[in-house]
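Throughout, a chain's letter reflects where its sequence line sits, starting with A, and its residues are numbered from 1. Side-chain atoms are counted along with the backbone in the values below, which use heavy atoms only and exclude waters and symmetry mates.
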Amino acid sequence: MVLKQVELSNFRLHRSTSLSFSDKLNLIIGGNGQGKTSILEAIYYLCTTKNLNLASEKDVVTFGEQFFEVAGSFSDISNNKTRIFFDNILNKKNFFLDDKQVFRSADIYGKFPIVILIQSDHAITLGAPSERRRFVDSVLSQASHSYLEILLEYNKTLRQRASLLSLLKETNDKNLYSQLDAWTETLIENGSEIIKQRVNFVNEFNVYMDQTYDKVIDKLEVPRIVYNTLCDMDEENTKQKFNDAIASAREEEKRKCTNLVGPHRDDFIFHINELELKRFGSQGQHKTFQVVLRFAQFFYIKDKLGKTPIFLMDDVFGELDFFRAEKISEYLSEVGQTFITTTDFTRMEELNLIKENRIIKVEHGKTSYA
Amino acid sequence: MLLAEPLERAIEELSKLPSIGKKTAQRLAIHLLKNDQTDVDSLIKAIVELKTKIHFCVDCFNLAVDDKCAICLSQKRDKTIICIVEEASDVIAIEKTNEYNGLYHVLGGVLNPLANVTADSLHIAELVKRVDSGEVTELIFALNPDSEGDTTSLYLIKIFKEYPLKLTRIARGLPIGGDLEFADIATIGRAFIGRITV
């Protein structure tokens, strides 16, 4: 799948920007704060309906304007157009697929697959378990619609159950216990399915990690992701262990009014050569792992969906000097359509630019082709 | 914008209705204004009677003109089976199929602690009373297949587990006229689990 063109109106610094793209590499260059990342942000909106950095839509509207709009056209087996319109006064976001309004963003999730390598990725390897869960959930949700639906149901069940726990604490009504049991059963039903799918995912994804590591770095390093959940692989076993764990946490759950047991508390432990990355990894190893996670995500989604995702790299190219540049370049040519923002003009030669590539200069919200 | 006050009020009231926006409300109000007096009167009468004449059935909480609804009063219905649904609109949907000849029980919602709905706010005690009083042999759960609906079914199953009853849940699966290849995986998965011998 490729993104042919976009049009941005009142989108941050871009009052009115219209761009067409190469099917291969698109290099977006310019100084800091000129509006490079905004272009990636707009592309992300077109693919997901969501903001790239979970920023508020209000902040995206050009200062003093009443709306922003982004429209784009994709080309795959068929051609599709998506458009997002945000009304700043009504504080309302509308998303359109081929001029028909889409009301649930879950309905288009995975239709326009996208993988993005971004500065804030450092949180995936260095941050809290929630960051790693979000990474895994986002990859799995793009690849499997049923996973996304179960995850949404599971999250809803968590909120319902937490709310019942507070009610239980407040009123101490004995009749609520049997209702709590019913919610617990639903939680275990959905939660076990999530665990099962995550187990399968980690097994499959480790193969992609291995292959990618082999290709991008010279050193002999073996990456591995270990899924840390409340139980092991066997499905029946999962439900039983889930049940036992929740039973023994019951008093504490009541006291804290939160759900203490379930896949919403899982972690994924990253290893390099059998050593835990978070504890023993060097800066360089962290960076490598983050990059490889994204490349692996790319090929995983490509295989699962049979559709080539769009690949975005935001301002990270300059940091990749410990990779052999030609390897990255070789890799990118395999990847398909790629968008890279950079302030660093010096390393451009290393990318082996070819005729089909496109260089876009950005200067205070105005764009030109070089 | 200065509108005649009664017109403005009519637009305001109409736009409170579900799926009616300001523009549609305005179109409806103007239409009513142009309409014959008799048509408007019969609409008013219908709305007034809707509120004054329709009650909830004392047995099953379906919509009724008298104390009991037409289904509970009918001699032709099988009084040994009760189908449990969320809202009266679900009764209408199931009745249209002509596949079911038993009675109903409208819960008036599903368990939803976030919206402050617990078992006490649903017509569950009344259901237990109905089952206790005698002739029921089967309960059919026909709630929506989401977390709230499933949890409500699970809760009711716990209550009625000890009773000498047949407990069933309506099947989940593929829509009629739907294409297998376009159905979502969760639905196909459920359809396989619930497959039947032919």
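Around the NE2 atom of B:H31, the shell of radius 6.0 Å holds no more than 12 heavy atoms that belong to other residues, nucleotides or ligands. No more than 12 heavy-atom neighbours from other residues, nucleotides or ligands sit within 6.0 angstrom of NZ on B:K166. Counting non-hydrogen atoms of neighbouring residues, nucleotides and ligands closer than 6.0 angstrom, the CD atom of A:Q66 reaches no more than 12 such neighbours. Residue B:K51 places its NZ atom among 12 or fewer non-hydrogen atoms of other residues, nucleotides or ligands, all under 6.0 Å distant. Crowding of A:I77 atom CD1: a count of heavy atoms from other residues, nucleotides or ligands under 6.0 Å not exceeding 12. Taking a 6.0 Å sphere around NZ of A:K307, one finds it holds more than 12 heavy atoms contributed by other residues, nucleotides or ligands. Shown here is A:K93, whose NZ atom has more than 12 heavy atoms of other residues, nucleotides or ligands within 6.0 Å. The neighbour count for B:K129 NZ, taken as heavy atoms of other residues, nucleotides or ligands under 6.0 Å away, does not exceed 12.
Only the side chain of A:N190 has a heavy atom closer than 4.5 Å to any heavy atom of chain B. Heavy-atom distances place the side chain of A:L176, and not its backbone, under 4.5 Å from chain B. For A:L167, the part lying near chain B is the side chain, with the backbone staying farther off; criterion is any non-hydrogen pair under 4.5 Å. For A:E149, no part lies under 4.5 angstrom from a heavy atom of chain B.
The line from CG of B:D146 to NZ of A:K156 is 4.5 Å long, rounded to the nearest 0.5 Å. Atom CG of B:L154 is separated from atom OG of A:S178 by 12.0 Å, given to the nearest 0.5 angstrom. Note: A:W183 CH2 to B:T152 OG1 = 6.5 Å, rounded to the nearest 0.5 Å. Note that the OG1 atom of B:T151 and the CD atom of A:Q160 stand 8.0 Å from one another [nearest 0.5 Å]. Here B:D120 contributes atom CG and A:T171 contributes atom OG1; the two are 9.0 Å apart, rounded to the nearest 0.5 Å. For the atom pair CZ (A:R161) and OG (B:S147), the distance works out to 13.0 Å, reported to the nearest 0.5 Å.
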message: Set out, in order, the CA-CA distance, both residues' side-chain angles and the distance that settles side chain to side chain contact (heavy atoms under 4.5 Å, CB included) for B:L114 and A:L164, then state yes or no.
response: CA-CA 8 Å; B:L114 282 171; A:L164 190 65; over 6 Å; no
- request: Dump the intermediate steps for side chain to side chain contact (heavy atoms under 4.5 Å, CB included) on B:D150 and A:E189, then the final yes or no.
  value: CA-CA 10 Å; B:D150 285 348; A:E189 192 62 41; over 6 Å; no
- request: Could you walk me through whether A:D181 and B:K158 pass side chain to side chain contact (heavy atoms under 4.5 Å, CB included), step by step?
  value: CA-CA 9 Å; A:D181 288 345; B:K158 275 184 205 302; 3.7 Å; yes
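Using modelled atom types, one side-chain atom of A:S163 and one backbone atom of B:P113 make a donor-acceptor pair closer than 3.5 Å.
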